[in-house]
Amino acid sequence: MPERKVNAVVVGAGAGGGVVAKELSAAGLTVVLLERGGWPHFSDLYHDELTSQVYGTLRQALGPDDERNRRVVPEGDGVWRTVVPTEGAYGNIAACVGSGTAAYGAIAWRFMPQDFRLKSTYGPLEGSTLEDWPISYDDLEPCYEKAEWEIGVAGDHTESPFFPPRRKPYPMPPHPYNKPAIFLEPAARKLGYHPVHIPMLRNSVRYGGRPACIHCRACTGFICEVNAKNGTHNTVIPAAIATGNCEVRIHSMAADVIIDDRGRAQAVRYFDADGRERVQPADIIVVSCSATESARLLLNSRSRLFPQGAGNRHDLVGRNFQDHAYAGATGMFSEDIYDDAGPGATIAVIDFNHGMPGIRGGGALTNQFITLPYGFTKKRPPGEPSWGSSHKEFQRRNFRRLLGIHGPVQEMPVAGARVDVDPTVKDYWGLPVIRVSGTRHPYDLEVARQIASKAEAWLKEAGATRTWTSIPGMGRGLSSHQAGTCRMGNDPATSVTNRYGQVHDIDNLFVADGSLHVTNGGFNPALTVMALGYWVSNYIKKEWRGTSFRS
Amino acid sequence: MRKARYPRRKFIRDVAAVAGGLSVLPACNKSRGRWRFFTEEEANTVYAICEQIIPTDQDPGAAYAGVPNFIDKQLVGPYKRFQQAYRKGLAGVQETSLAQFGARFESLKWDQQTEVLKILEAGKARGRTWETGSPKVFFELIRDHTMQGFYGSPRHGGNWDYVSYRMLGLDYPQVIGQNRYKKA
């Protein structure tokens, strides 16, 4: 039986959806926010590495669970393998209220102006579907500002000439440098880099009624024990609930968006906590389930007018799938450089986002988060034994002497890199699951090598006695920085939504997450996803006419 | 803080003795002993393999840390899907061991055990079992699980008495402003 109709259903309570739910409910719309997971609690996992989001090999304490969820990932040429969330290849993002923003490392970059017009900055690239965004940095700047102030970012924008222009400073001072950063900073200056404190969605002072970070060891992949890490689950979603207009329905798994014969989105069909099928009608529907899951939801939403899935008239939903070609270097030091004051990542250089002559894009370099003991067993120079007494000796000797510097290298979009739904594999609810295919553009590896060599040079200057680099392969994997599957654009033949995240052909269906990214920047994307949440909401609020949506 | 005054194995033995002595619970009669998934023989093999992967030196190794207990516990929980891989893989280890040195794995000399595992790791093991499954895949599986049991949180049945955290000089749980262990 259908539920009572509301103004808006938002599917997915992550970085994008949390913001949209709050903006719309604060504007007076009645909102139902559907989330497939529950509310996250520190006690779900404590500091337990084996159930964390990053190395949750036993269980993903923040979801999704192994029993009900599957994905299909490529394993060589034309061969696929079905994986569960505890396998790295699944590329899970926490399935809980707040989603990735509850478990992330909280790095809060803005994209640079060039990131929005990559094609006009560098020209087209053979084999890539490179495009400019239909919006500019200036369009998004007020939204960045709102995200920084409403959700809370600590940083100092005056440190580097490469920070994009802004009207307002960060609301909180930056987090102090940790032990490695103290000697990385002079080394960076010596090389002519411009080191900065990493802006973080984490409290450096009391903010938003929540305390400052206590610098524990476990941050990325975990829930903050003192609630100092800012996600949508402890900022905008509670604010949405406080308006009285927003109902958060947890443990609700969206199945599809029902599109009527006039091409309007009618309702979202979903399964509630007891596995019962429910239908929630709404005036407008906002899809914000992450780049992979949003694409899946649209592709599974087949109707008479859109037999290939909602918004998929031109076979574009799920294409141009990107994340980041993470590259970097690890250095070994002769003395103890470990700092137990977490979370570890404090210093960055953004000189190599567009700063390298003859290179398109690039990526921000940061020192790494603390690698916990099990994760550390995977951190080895090439050729090092992975077991036996030399393994143990390495672990004991070098846990406090290794330092990693790496960065999210901007990828060139490729149409063949895609997310679609598997023809046979289904999840617990009987819904076709995500299947990933394609490879990255070979150009990404060229940039990755450049970035890795910059990281290596930095470590050497800082005194590392031995260094080695890491470069990604050509394979198209899944990670939490996923983006691009419902790109925005002005031409319906080459994009899934218009510049406001409104699906072409379906006026009351919106996308508000990383799927919209035309290109994914050389930065951790969370703040940009939040900013897009504000951007899409601003348009909806402007065009909202009481009980219906002006089309 | 817990002290290592009453070793785990002794504790389990004592508890088993009491339970066996009572022998009033019907379920106990059917139980395979103190293991949830492994047979007694398999458990011995797992002990030997884990100890090879993380040997005892100045710091305790995988056996002391209860890694076999960790693996056994996970195999009836989150790692149910690996049950067959273990049943088959452990039989395969014995086959290779017999083919190579003419004895069961756990009764081989230390260097011979290392040799057998290196053969598995290289994917070159012979034997009927390995015709239908990769020795390399099994070795990597048990190696990874040993690492998890040794370095993961003690709440999962391994890393007993925080041995790996002590070895690395990490407080656990971390208490801000305190350091309870001697620095490494």
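Everything numeric here is computed off the predicted structure, so don't read it as measured data. Just so it is clear: chains get the letters A, B, ... in the order the sequence lines come, proteins before strands, and each one is counted from 1.
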Under a 4.5 Å cutoff for heavy-atom pairs, which residue among A/R59, A/E49, A/H391 has the most contacts with chain B?
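The candidate making the most pairs under 4.5 Å is A/H391.
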In the structure I gave you, are the side-chain heavy atoms of [X] and [Y] within less than 4.5 Å of one another anywhere?
{"X": "A/W387", "Y": "B/I49", "answer": "no"}
{"X": "B/R81", "Y": "A/T86", "answer": "yes"}
{"X": "B/Y79", "Y": "A/T57", "answer": "yes"}
{"X": "A/D48", "Y": "B/H156", "answer": "yes"}
{"X": "A/L50", "Y": "B/R155", "answer": "no"}
{"X": "B/E121", "Y": "A/S386", "answer": "yes"}

Does atom [atom1] ([X]) have a neighbourhood of more than 12 heavy atoms from anything else shown, all under 6.0 Å?
{"X": "A/Y177", "atom1": "OH", "result": "yes"}
{"X": "A/Y428", "atom1": "OH", "result": "no"}
{"X": "B/K80", "atom1": "NZ", "result": "no"}
{"X": "B/Q84", "atom1": "CD", "result": "no"}
{"X": "A/K179", "atom1": "NZ", "result": "yes"}
{"X": "B/K136", "atom1": "NZ", "result": "no"}

Side chain, backbone, both or neither: which part of A/Y338 has a non-hydrogen atom closer than 4.5 Å to chain B?
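A/Y338 touches chain B through side-chain heavy atoms alone.
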By a 4.5 Å heavy-atom criterion (distance strictly below it), what part of A/E67 contacts chain B: side chain, backbone, both, or neither?
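Neither part, no heavy atoms under 4.5 Å.
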Would you call A/K378 and B/D144 a salt bridge, using N to O less than 4.0 angstrom?
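Salt bridge: yes.
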Short N-O contact, B/D59 and A/K392, less than 4.0 angstrom
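So B/D59 does not pair with A/K392 through a salt bridge.
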Would you compute the distance between atom CG of A/L58 and atom OG of B/S153 and round it to the nearest 0.5 angstrom?
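Atom-to-atom, A/L58:CG and B/S153:OG are 9.5 Å apart.
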About how many Å separate OH of B/Y165 and CZ of A/F399, when rounded to the nearest 0.5 Å?
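Going from the CZ atom of A/F399 to the OH atom of B/Y165 covers 9.5 Å.
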Specify which of [options] makes the most heavy-atom pairs with chain A at under 4.5 Å.
{"options": "B/T146, B/I53, B/I54", "value": "B/I53"}
{"options": "B/Q52, B/R143, B/Q148", "value": "B/Q148"}
{"options": "B/P78, B/P55, B/G152, B/G77", "value": "B/P55"}

Examine distances only and state if a side-chain atom of A/R396 and a backbone atom of B/S164 form a donor-acceptor pair shorter than 3.5 Å.
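A pair under 3.5 Å: no.
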Taking the side chain from A/R217 and the backbone from B/L170, do they hold a donor-acceptor pair closer than 3.5 Å?
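Pair absent, no side-chain N/O of A/R217 close to backbone of B/L170.
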Portion of B/K73 that has a non-hydrogen atom of chain A nearer than 4.5 angstrom:
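For B/K73, no heavy atom lies under 4.5 Å from chain A.
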